[in-house]
Each structure stands twice: as C-alpha cells, then as structure tokens.
Amino acid sequence: MPPHLDPLPSALRVIDSHTIGEPTRLVIDEAFATGLPLGAGSVRRRRDAFRAGFDHLRRAIVADPRGVEAMVGVVLVPPADPACDLGAFYFNRVGYLDMCGHATIGLAASLGHLGRIAPGAFRLETPAGVVGVEWHGGTATTFQCVPPRRIRRELSISLDDGTTVTGDVATSGLWFFITRDHGLPLELAAIPGLRGKAWAIRRALEAAGITGDSGETIDHVVLLGPPHEPGHDARNFVLCPDGAFDRSPCGTATSALVGCLHEDGRLPEGTVWRQESILGGLYEATIRRSGGVLVPSVRGHAWVTAESTLRFAADDPYRTGIG
Ligand code: PYC
C-alpha cells in the first residue's frame with residue numbers, strides 16, 4: 001500500500017515555535033504533503049483536498065495528546081502562483097484557517113532556523129491569497145496580510161443575558177467581530193470571564209445570522225481595551241475557533257483592526273500601531289494604500305521551541321488525537 005493510504009505515517013518530523021506565546025507546529029518532512037494525493041492547483045484547493053481525505057492527520061498533529069491548546073499546524077505545499085516562493089495552509093484542533101499571522105511569523109523563524117530561507121522577503125501563497133513575508137533574521141518577521149475589509153460598522157447585537165454589545169465585522173484572511181464595548185478588564189485574572197463573554201458574542205452572531213459576505217462564520221472575537229504599557233496603543237483578548245484565546249495579539253486580527261482604524265481616520269498611513277496581547281506581547285502594525293488597496297503590515301517575534309519527531313504507534317488509541 002502506498003504510504004499516503006496508511007491511516008498515519010509511523011513518524012513525522014516537526015518544528016515547534018511560539019510567536020510571543022502563541023504556538024505553531026510546522027511539518028518539515030519534505031515528502032509529507034507531496035506524498036499525499038492532493039491534486040494540482042492552488043494552495044486553497046490542495047488544503048480542501050487535505051481536509052476531504054486526510055483530516056485525521058490534522059488532529060493527529062495538533063490535537064491532544066501531541067499538540068496543545070491554541071496550537072496552529074502548518075503544512076508546506078507547492079504554490080500554484082508562479083510569483084510565489086512557498087505555499088502553506090494552516091489548521092488547529094477543530095478545523096482550518098485560511099490565513100494565520102502568528103503561524104506565518106513562526107513559519108519564517110522556523111525555516112530561518114533550519115537554514116531553508118535567508119533573511120529577506122518572500123511571497124507565500126495561502127488559502128486566503130498571497131501574503132508578503134520578510135524574515136529579518138533571528139526572531140523578527142514582518143508580513144503583509146491580504147487586504148482588510150470591514151462589512152459592518154457599529155453593529156449592535158443582543159446577548160443571551162439581555163445585554164447588547166456594539167462592534168465591527170471585519171476580515172483580513174479570517175473573520176472577526178471587534179469590540180471595545182465589553183465592560184471587562186483585559187487582565188490575566190479575567191480570562192475566564194473574557195472567554196465567556198467572547199463565546200456569548202460568537203453565539204449571538206450565529207443566532208442573528210451574521211456572517212462574512214460569503215456566509216463565513218464569524219469565528220474570532222476581539223475584545224479591545226486600553227494598553228498596560230505607556231507608548232502602546234491597545235490591548236486585546238482574541239477568542240479563537242477552538243475556544244482557546246490567542247496568546248499573541250493575533251496577526252490577522254491586528255491587520256483587520258488597522259484597516260478599520262484607517263477607515264475611521266484614526267490611523268494615518270505609515271503610523272505604527274502598537275498592539276498588546278492579553279499576555280502583554282507586542283505586534284507593531286502599519287497600514288498603507290497601494291493601487292487603491294489597503295496593505296496592512298505586522299511585525300512580530302517568534303522563538304523555536306523544539307525540533308522533534310511525532311510517533312504514531314499502531315496500537316496507540318489516541319494516535320489520531322483526542323476529540
Ligand atoms: O495570528 O492570525 C493569527 C491567529 C489566528 C488564530 C490564531 N492566531
């Protein structure tokens with residue numbers, strides 16, 4: 001039987017990193033994706049083929065007991081766009097992400113660590129579109145996400161407890177509800193309450209039939225508040241689709257936010273927006289217009305934490321993950 005038809009490889013090499021706290025696991029066995037019958041075409045099509053035929057591999061790689069909460073897995077595939085240098089798709093323990101900012105920063109730091117890229121710029125094809133990336137060497141990377149877009153401004157929704165929350169629905173590769181109107185302190189001790197409020201908002205959006213403009217679930221909720229550090233602009237708590245909170249300030253959320261701020265006249269082109277995470281980690285973001293299109297830029301840092309081989313024994317009851 002060809003290896004790709006086995007339920008699982010017996011071993012898989014990965015490199016792990018964290019982007020200011022948020023974990024990424026990059027598969028580095030070069031034959032992994034090319035050995036799977038994912039067909040030809042765009043990274044999005046190959047990702048869809050992986051989801052249709054090999055979803056057990058996603059869970060095996062990032063779900064418990066080999067993965068951790070909030071971990072995003074990355075698989076490299078050949079790009080279809082001749083202008084791109086690399087292609088990658090992203091997933092977590094409950095599904096797939098069309099784009100992921102922190103994992104793109106982790107990807108660059110990991111490939112740099114392995115000597116597979118040199119400091120400089122490259123173009124990455126993702127399911128959301130083409131993303132410009134520059135690895136500065138060491139821990140620092142800047143990426144330009146797909147253009148941010150806001151489809152609802154100051155939308156008020158009613159929660160189950162009778163309260164109302166007002167915020168914006170925006171995208172930059174993923175879909176977000178972004179609100180300052182949550183009434184909670186953005187502190188570590190408040191995380192259970194923040195998580196509960198953000199889930200209530202997500203449930204209310206679903207109940208009200210609020211989606212992205214092609215019916216996408218608004219599956220990330222951003223609670224914004226004042227920064228803790230002087231010189232920073234805001235702090236956030238970001239709820240991810242798996243119920244985990246983003247330990248980083250969320251790269252795609254920060255890209256969507258700077259788009260909204262610019263449209264509101266609160267962030268001129270080229271001005272740096274310093275976004276803190278709920279842990280206090282920092283992304284520095286800017287926005288500019290190019291040919292009528294908004295281009296967000298986010299700079300952050302990632303550290304390699306492990307280079308390892310995942311093992312999947314045939315008699316391991318949890319070889320395809322828990323859940
Ligand atoms: O950084 O874009 C991001 C992200 C999305 C989900 C977790 N991190």
Side-chain angles (χ1 to χ4, degrees), residues 16-26 47 58 61-63 67-75 88-110 124 126-133 139-149 170-178 191 194-195 198-199 202 212 216-224 234-260 273-279 281-285 296-303:
D16 291 354
S17 59
H18 76 82
T19 303
I20 207 79
E22 181 75 353
T24 301
R25 173 163 286 167
L26 172 67
R47 186 279 310 270
R58 171 185 63 76
I61 293 167
V62 293
V68 294
E69 184 188 69
M71 177 173 263
V72 170
V74 187
V75 171
F89 64 81
Y90 309 87
F91 47 75
N92 61 22
R93 60 187 177 159
V94 297
Y96 294 81
L97 301 167
D98 284 352
M99 169 54 197
C100 182
H102 92 263
T104 299
I105 295 172
L107 160 86
S110 297
L124 180 69
T126 74
V130 177
V131 171
V133 186
T139 60
T141 295
T142 301
F143 70 92
Q144 281 91 41
C145 209
V146 296
R149 219 154 39 83
T171 183
S172 188
L174 299 173
W175 283 95
F176 299 95
F177 184 80
I178 304 173
I191 284 176
L194 291 163
R195 206 193 282 239
W199 263 117
R202 187 183 157 167
E216 300 91 341
T217 303
I218 313 294
D219 56 4
H220 291 75
V221 176
V222 183
L223 308 181
L224 275 178
R235 173 171 282 234
N236 69 18
F237 171 91
V238 182
L239 181 76
C240 297
D242 64 350
F245 67 92
D246 197 329
R247 280 70 170 150
S248 83
C250 192
T252 46
T254 302
S255 300
L257 174 67
V258 293
C260 295
W273 180 264
R274 294 187 174 80
Q275 180 64 57
E276 282 175 11
S277 71
I278 186 69
L279 302 186
L282 185 69
Y283 283 163
E284 292 179 305
S297 209
V298 175
R299 181 185 167 108
H301 294 266
W303 289 263

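No experiment lies behind these values; they were computed from the predicted model shown. Quick note: numbers below take in every heavy atom, side chains included, and nothing from hydrogens, waters or symmetry partners. All ligand and atom numbering here is 1-based and tracks the order in the structure.
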Inset, instruction - Measure from the side-chain N and O atoms of Arg58 to the backbone N and O of Arg93, and report whether any donor-acceptor pair falls under 3.5 Å. - result: yes

Legend entry - Which atom of Gly173 lies closest to which atom of Val146, heavy atoms considered: N-CG2, 3.4 Å

Inset, instruction - Check whether any side-chain heavy atom of Asp98 lies under 4.5 Å from a side-chain heavy atom of Phe89, and answer yes or no. - result: no

Legend entry - Heavy-atom nearest neighbour in the protein, as seen from atom 6 (C) of ligand 1, with distance rounded to 0.1 Å: His220 NE2, 3.8 Å

Legend entry - N or O pair under 3.5 Å between Gly251 and ligand 1: yes

Legend entry - Under 4.0 Å to a heavy atom of Gly101 - the qualifying atoms of ligand 1, by number: 1 (O), 2 (O), 3 (C)

Legend entry - Atom of Gly281, atom of Pro249 and distance for their closest heavy-atom approach: O-CG, 3.5 Å

Legend entry - Residue of the set Asp219, Val222, Leu239 for which side-chain contact (heavy atoms from CB on, under 4.5 Å) holds with Phe176: Val222

Legend entry - Location of contacts on Leu174 toward ligand 1, heavy atoms closer than 4.0 Å: side chain

Inset, instruction - For ligand 1, note which part of Thr252 has a heavy atom under 4.0 Å away: side chain, backbone, both or neither. - result: both

Inset, instruction - For ligand 1, find out whether one of its N or O atoms is nearer than 3.5 Å to an N or O atom of Tyr283. - result: no

Legend entry - For atom 7 (C) of ligand 1, the protein heavy atom that lies nearest, with its residue and separation: Asp246 OD2, 3.2 Å

Legend entry - Sidechain N-carboxylate O distance under 4.0 Å for Glu69, Arg195: yes

Legend entry - Region of Glu22 that comes within reach of ligand 1 [heavy atoms, distance under 4.0 Å]: side chain

